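Presented below is the structure to which this report refers.
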There are 2 protein chains.
Amino acid sequence: MTDPRRARLYEELSRESRRHLAAYVLFNQAVADHLGLHPTDVQCLSLLTAEPGPFTVRQIADMTGLTTGSATRLVDRLERGGYVMRAPDQEDRRRVLVSPVPARIARVTAVWDDLGQAWEELLGEHTDDELEVITRHMRRAHDLSHAQMERLRSRPKPD
Amino acid sequence: MTDPRRARLYEELSRESRRHLAAYVLFNQAVADHLGLHPTDVQCLSLLTAEPGPFTVRQIADMTGLTTGSATRLVDRLERGGYVMRAPDQEDRRRVLVSPVPARIARVTAVWDDLGQAWEELLGEHTDDELEVITRHMRRAHDLSHAQMERLRSRPKPD
DNA sequence: CCCCAATCGCTGCGCGGCGCAGCAATCCCG
DNA sequence: CGGGATTGCTGCGCCGCGCAGCGATTGGGG
């Protein structure tokens with residue numbers, strides 16, 4: 001059951017995961033400082049560009065974990081900065097479709113691409129199989145985090 | 001050079017990484033809400049428990065990316081909540097050593113351990129080699145993020 | 001031995017992101 | 001056609017955060 005070697009592997013992965021995530025938070029903050037934005041804004045742009053298609057304000061709120069009110073303010077900032085555009089949805093006139101502005105977004109992706117090369121060097125040392133293993137783990141970790149988060153939200157708080 | 005299959009693997013890993021990181025941020029926030037803390041506080045506790053030994057306020061500031069002033073306030077909150085203890089450093093009386101309070105920290109780790117089981121199930125489907133691949137990737141990604149962050153900080157801002 | 005620069009942690013101050021509650025507009029369904 | 005649900009927006013207050021400055025302490029150079 002508790003193979004000490006496996007336990008050690010788990011422990012180490014846990015540790016590295018925390019450090020990795022902490023580093024990401026710091027890195028995200030550095031990018032935000034560099035661009036004169038807020039970490040939330042950069043995070044939002046990352047999500048907007050990760051998947052295609054315009055998003056509604058509500059979708060952005062759900063993705064970032066803020067309320068619709070704060071999401072409105074977030075889109076306000078991004079729109080004022082020229083990073084996104086608002087457009088009314090003809091199908092449902094209550095909705096507002098938010099689309100990234102490629103020309104402006106390029107300033108952000110330029111920072112990412114700058115590291116992209118270093119990233120590719122890092123990934124280049126992996127075989128196809130290894131990359132798939134990592135990717136699969138990411139996806140499953142994402143699904144698990146998501147499920148646990150929802151479970152956590154629908155549970156009575158201690159205190 | 002640009003093997004389309006490799007390019008697709010990179011693309012997919014990039015996408016999953018973003019989603020994974022976004023999910024972590026949301027999950028971290030959910031944990032914070034659940035405990036009545038702030039995401040920063042939870043993040044700090046995660047780092048405090050990831051590595052042993054007391055930390056100075058400055059170390060905490062560096063780890064979390066905030067200023068020493070904000071780190072002081074952070075430690076204030078954690079101390080008021082009973083999660084950490086302050087202790088003067090005899091060797092250097094300017095410093096203050098911050099140590100986690102295990103009994104109180106247990107409330108946080110309890111939340112994590114609750115998912116720990118699901119995590120082990122997830123990890124259990126991997127072979128030892130695969131786990132090492134993932135761990136190694138995490139570590140190298142951490143190192144790269146850290147290096148890129150420092151490079152980003154010591155560079156002139158656009159605008 | 002003393003003096004001065006550097007470091008550490010703490011504290012007012014103001015900014016601004018955020019949640020909350022309420023709003024009008026719009027859609028959906030009976 | 002009417003009532004409830006949904007969407008996005010807006011005051012309001014809270015509070016985390018960076019900034020600048022403070023005293024205390026340390027280490028090093030003259």
Side-chain angles (χ1 to χ4, degrees), chain A residues 25-26 28-45 47-48 53-81 83-99 153 157, chain B residues 25-26 28-45 47-48 53-81 83-99 153 157:
Chain A
V25 173
L26 291 183
N28 195 59
Q29 210 164 53
V31 173
D33 289 344
H34 186 70
L35 294 171
L37 296 174
H38 299 272
T40 313
D41 303 16
V42 177
Q43 175 72 12
C44 178
L45 290 179
L47 293 171
L48 285 183
F55 296 90
T56 67
V57 174
R58 170 152 297 272
Q59 282 176 319
I60 293 177
D62 290 338
M63 287 190 300
T64 54
L66 338 118
T67 61
T68 60
S70 300
T72 295
R73 302 308 216 310
L74 169 59
V75 175
D76 285 346
R77 290 196 301 272
L78 292 178
E79 191 181 31
R80 191 172 346 119
Y83 293 97
V84 300
M85 278 184 50
R86 276 191 170 97
D89 184 356
Q90 305 90 320
E91 296 184 3
D92 188 338
R93 297 210 312 244
R94 290 173 302 181
R95 297 183 184 170
V96 172
L97 297 180
V98 180
S99 305
R153 283 185 178 174
K157 300 182 182 182
Chain B
V25 173
L26 291 183
N28 195 58
Q29 209 163 52
V31 173
D33 289 343
H34 186 71
L35 293 171
L37 295 175
H38 299 272
T40 311
D41 302 16
V42 177
Q43 175 72 11
C44 179
L45 291 178
L47 293 172
L48 284 182
F55 297 90
T56 67
V57 174
R58 171 154 297 273
Q59 283 176 319
I60 292 177
D62 290 338
M63 287 192 298
T64 53
L66 344 110
T67 62
T68 59
S70 300
T72 295
R73 303 308 217 311
L74 168 60
V75 175
D76 285 346
R77 291 196 302 272
L78 292 177
E79 191 181 31
R80 192 171 346 119
Y83 293 98
V84 300
M85 277 185 49
R86 275 190 172 96
D89 184 356
Q90 305 88 317
E91 296 185 3
D92 189 338
R93 298 208 313 242
R94 289 172 302 182
R95 298 184 185 169
V96 172
L97 298 179
V98 180
S99 304
R153 283 185 178 173
K157 299 183 181 181

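All values derive from a computational prediction rather than experimental measurement. Naming convention: chains lettered A, B, ... in sequence-line order (proteins, then strands); numbering from 1 in each chain.
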Going 5' to 3' along DNA chain D, between which two nucleotides do contacts with chain B fall, using a heavy-atom cut-off of 4.0 Å?
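Contact boundaries, 5' end first: D:dG16 to D:dT26.
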
So if I take the C1' atoms of five pairs at each end of the helix from C:dC1-D:dG30 to C:dG30-D:dC1 and get each local axis, what angle do the two axes make, rounded to 10 degrees?
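Its terminal axes enclose an angle near 20°.
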
Looking at every heavy atom in both [X] and [Y], which two are closest together, and how far apart are they?
| X | Y | value |
| --- | --- | --- |
| B:T72 | B:R86 | O-NH2, 3.4 Å |
| B:Y83 | B:L35 | OH-O, 4.3 Å |
| A:P39 | A:N28 | O-ND2, 3.3 Å |
| B:M63 | B:L48 | CE-CD2, 4.4 Å |

Side-chain N or O of B:R58 closer than 4.0 Å to phosphate OP1/OP2 of C:dC8
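Yes.
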
Could you give the [atom1]-to-[atom2] distance, from [X] to [N], as a whole number of Å?
| X | N | atom1 | atom2 | result |
| --- | --- | --- | --- | --- |
| A:R80 | C:dG17 | CZ | C1' | 12 Å |
| A:R95 | C:dT26 | CZ | P | 15 Å |
| A:H38 | C:dC18 | NE2 | P | 8 Å |
| B:Q59 | C:dT7 | CD | C1' | 14 Å |
| A:D41 | C:dG16 | CG | P | 13 Å |
| B:F55 | C:dG9 | CZ | P | 13 Å |

Take B:D92 and A:L97, find for each the nucleotide of DNA chain D with the closest heavy atom, and name the residue whose nucleotide sits nearer the 5' end.
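On the 5' side of the pair lies A:L97.
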
Yes or no on side chain to side chain contact (heavy atoms under 4.5 Å, CB included) for A:V98 and A:L78, after CA distance, side-chain angles and deciding distance?
CA-CA 10 Å; A:V98 180; A:L78 292 178; over 6 Å; no

For DNA chain C, which residues in residues 65-75 of chain A have a heavy atom at a distance below 4.0 Å?
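A:G65, A:L66, A:T67, A:S70 - these, ordered by number, are the residues of the stretch whose heavy atoms sit under 4.0 Å from the strand.
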
For a 4.5 angstrom cut-off between non-hydrogen side-chain atoms, does A:L66 reach A:I60?
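A side-chain contact under 4.5 Å is absent here.
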
Sub-3.5 Å donor-acceptor pair from the side chain of B:D89 to the main-chain atoms of B:L97, do we have one?
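Checked: no pair found.
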
Sequence-distant partners of A:R58, salt bridge (charged side-chain N to carboxylate O under 4.0 Å, His left out), two or more places apart:
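So A:R58 forms no salt bridge (charged side-chain N to carboxylate O under 4.0 Å, His left out) with any residue.
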
Residue list, salt bridge (charged side-chain N to carboxylate O under 4.0 Å, His left out) with A:D92, at least two apart or on another chain:
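Once residues adjacent in sequence are excluded, the partners of A:D92 under the salt bridge (charged side-chain N to carboxylate O under 4.0 Å, His left out) criterion are A:R94, A:R95.
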
Identify which nucleotide among C:dC27, C:dC10, C:dG17 has an atom closest to any side-chain atom of A:R77, counting heavy atoms from C-beta outward.
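Of C:dC27, C:dC10, C:dG17, C:dG17 is nearest to the side chain of A:R77.
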
Test side-chain contact (heavy atoms from CB on, under 4.5 Å) applied to B:R73 - qualifying residues, sequence neighbours left out
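Partners of B:R73 by the side-chain contact (heavy atoms from CB on, under 4.5 Å) criterion, ordered by chain and then number, come out as B:D76, B:R77.
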
Passing option when B:Q29 is tested against B:L26, B:V25, B:V31 for side-chain contact (heavy atoms from CB on, under 4.5 Å)
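Result: among B:L26, B:V25, B:V31, B:L26 is the only option passing the side-chain contact (heavy atoms from CB on, under 4.5 Å) with B:Q29.
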
